[in-house]
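Here the structure comes first, spelled out in structure tokens, and everything after it is commentary.
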Amino acid sequence: MDILNPTPAACFPQAMWLTYRAVMDSPDLGQDEVLALVVPDAMRARTPGDGAHVKRALAGLVEFKLVERSADGLHSAEKVAGPHAFLRLLRNRLVTPPDELGAGFEGAPDVRAGLIWLLRQSPTEPLDFEVNVAPVMPKGLFTNSARWNTFRPWCEALGFGRAALSAMSTGSAQKGTGAKVVPDPTVAVIDAIQHPFGDPLPEGEQIPIGSLVEFLRNELPVLPGHPSATYPGFADDPDAGLRAFGLALASAEERQVLTMKYQSDPSGVMALPDAQEHGKPRYVSAVTIKKAAR
């Protein structure tokens, strides 16, 4: 599904959650009945395209196999505890390679390609479409500023980026007039560690840094280094792939999710950019996942 195309209305994760909640709480309704729950007739005329954003949200939920159709109507594929659990499920559907989710599953290739590109950009430079996105991105990645503007809230909601502080803009970045984003997968990385879809990492036990990296690439296969983390026009740059990833690991350590260390006789070492060292690489060989509060 083409998520980033804002015609006739943009598809946003907020609308998807409201629509999913309506289907989950009132199963076996038809599309028109779900639409009436989310966008009542009294307010529909004031919404984009007569409720088009909700119609696109519902189409996305069906495409991503979060909502299923049956002879009785629409019902959720599984119940979730709240918006955070829903976003976790939605993230998994969008970042997993489509062929791993079954025959005919298309997913959202435009969002996935955008995330793969985003995570190879510097987290210290705000991204503005006209200034430093359109001039360097692969041809056709976002197509135009309207699709970029749709992408920004998606990368934030899925935990891969955040709004840039105005103080970060220097030089040419100050010329941009649109809202800016910086790559920061901290939220997605921490959520993957604490709520994995696969086998969890051991807590309170020292493991090689390579084990953590492999785990995260499997949980979030848009991260640099995963075999499927590519797109048309992709050019590999191993150094660029560690900048945002390194920020996420350092942030996870600051939030007491894990600790990282360098052993005197390591079996494997990773050089991570670290702001506390003023741009110098931080060498890490082992990591310990802290025990989460139950």
Side-chain angles (χ1 to χ4, degrees), residues 95 114-128 131-133 135-138 152 155-156 158-173 180-194 201 206-231 234-264 266-290:
V95 302
L115 291 174
I116 291 169
W117 178 86
L118 178 75
L119 295 175
R120 285 177 168 80
Q121 310 310 307
S122 171
T124 63
E125 184 177 4
L127 295 170
D128 179 281
V131 174
N132 54 6
V133 175
V136 300
M137 70 178 187
R152 287 189 297 102
C155 67
E156 293 177 39
L158 297 179
F160 293 104
R162 56 185 172 82
L165 298 174
S166 57
M168 295 178 66
S169 297
T170 59
S172 62
K180 302 172 180 62
V181 67
V182 291
D184 182 0
T186 298
V187 171
V189 163
I190 291 177
D191 198 50
I193 292 172
Q194 297 180 333
L201 292 166
Q206 188 169 280
I207 60 174
I209 182 65
S211 297
L212 172 64
V213 171
E214 181 181 8
F215 167 86
L216 288 172
R217 285 172 176 162
N218 288 332
E219 288 287 324
L220 305 169
V222 291
L223 288 174
H226 191 275
S228 72
T230 185
Y231 50 82
F234 169 75
D236 193 16
D237 181 353
D239 292 334
L242 289 180
R243 290 178 295 193
F245 192 27
L247 170 64
L249 294 181
S251 297
E253 187 174 45
E254 288 293 323
R255 299 185 191 188
Q256 305 296 306
V257 174
L258 54 81
T259 57
M260 297 184 289
K261 65 180 295 185
Y262 177 76
Q263 300 160 303
S264 58
S267 57
V269 179
M270 199 168 187
L272 299 176
D274 186 89
Q276 294 182 1
E277 295 296 330
H278 307 289
K280 297 178 182 178
R282 178 186 178 185
Y283 294 97
V284 176
S285 63
V287 61
T288 300
I289 306 300
K290 294 193 174 183

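Rounded to the nearest 0.5 Å, atoms CZ (Phe245) and OG1 (Thr186) are 11.0 Å apart. The structure places CD of Gln206 at 8.0 Å from OG1 of Thr259, a figure rounded to the nearest 0.5 Å. With rounding to the nearest 0.5 angstrom, the CD1 atom of Ile207 is 7.5 Å from the OG1 atom of Thr288. To the nearest 0.5 angstrom, Ser285 atom OG is 7.5 Å from Lys261 atom NZ.
The two residues Ser228 and Ile116 make their nearest non-hydrogen contact at O-CD1, 4.0 Å. Between Pro221 and Ala229, the shortest heavy-atom distance links the atoms O-CB, 3.8 Å. The two residues Val222 and Val95 have their closest heavy-atom pair at CG1-CB, 3.8 Å.
Annotation: side chain of Leu201 is not in contact with side chain of Val287 (no heavy-atom distance under 4.5 Å). Looking only at side-chain heavy atoms (C-beta outward), Tyr283 and Pro281 come within less than 4.5 Å of each other. A heavy-atom distance below 4.5 Å is not found between the side chains of Ile209 and Val269. Between Val181 and Cys155 there is a side-chain heavy-atom pair separated by less than 4.5 Å. Side-chain contact between Leu119 and Leu223 is present, with at least one heavy-atom pair separated by less than 4.5 Å. Taking 4.5 Å as the limit, every side-chain heavy atom of Leu242 sits out of range of all side-chain heavy atoms of Pro224. Using a 4.5 Å heavy-atom threshold, the side chains of Leu247 and Thr124 count as separate. Using a 4.5 Å cut-off on side-chain heavy atoms (C-beta onward), Val131 and Lys180 make no contact.
Partners of Phe215 according to the ring-ring contact (aromatic ring centres under 6.0 Å, His included) rule, which considers only residues two or more places apart in sequence or in another chain, do not exist here.
Formation of a donor-acceptor pair under 3.5 Å by the Gln121 side chain with backbone atoms of Trp117 is found in this model. A distance-only check finds a donor-acceptor pair linking the side chain of Asn132 to the backbone of Pro126 [under 3.5 Å]. Remark: side-chain polar atoms of Arg243 are paired, donor with acceptor, to backbone N or O of Arg120 under 3.5 angstrom.
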Under the criterion side chain to side chain contact (heavy atoms under 4.5 Å, CB included), I'd like the reasoning laid out for Leu249 against Leu216: C-alpha separation, chi angles, the key distance, then a yes or no.
CA-CA 11 Å; Leu249 294 181; Leu216 288 172; 4.0 Å; yes
For side chain to side chain contact (heavy atoms under 4.5 Å, CB included), just list the numbers for Leu272 and Met260, CA-CA rounded to whole Å, side-chain angles, deciding distance to a tenth of an Å, and then say yes or no.
CA-CA 11 Å; Leu272 299 176; Met260 297 184 289; 4.1 Å; yes
Report the C-alpha separation of Leu127 and Leu118 in whole Å, then their side-chain angles, then the decisive distance to 0.1 Å, and conclude whether the side chain to side chain contact (heavy atoms under 4.5 Å, CB included) test is met.
CA-CA 9 Å; Leu127 295 170; Leu118 178 75; 3.6 Å; yes
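Annotation: side-chain hydrogen bond (donor to acceptor under 3.5 Å, both in side chains) contacts involving residues 210-225, sequence neighbours excluded, are absent.
Using a 4.0 Å cut-off between charged nitrogen and carboxylate oxygen, Glu253 and Arg282 count as a salt-bridge pair.
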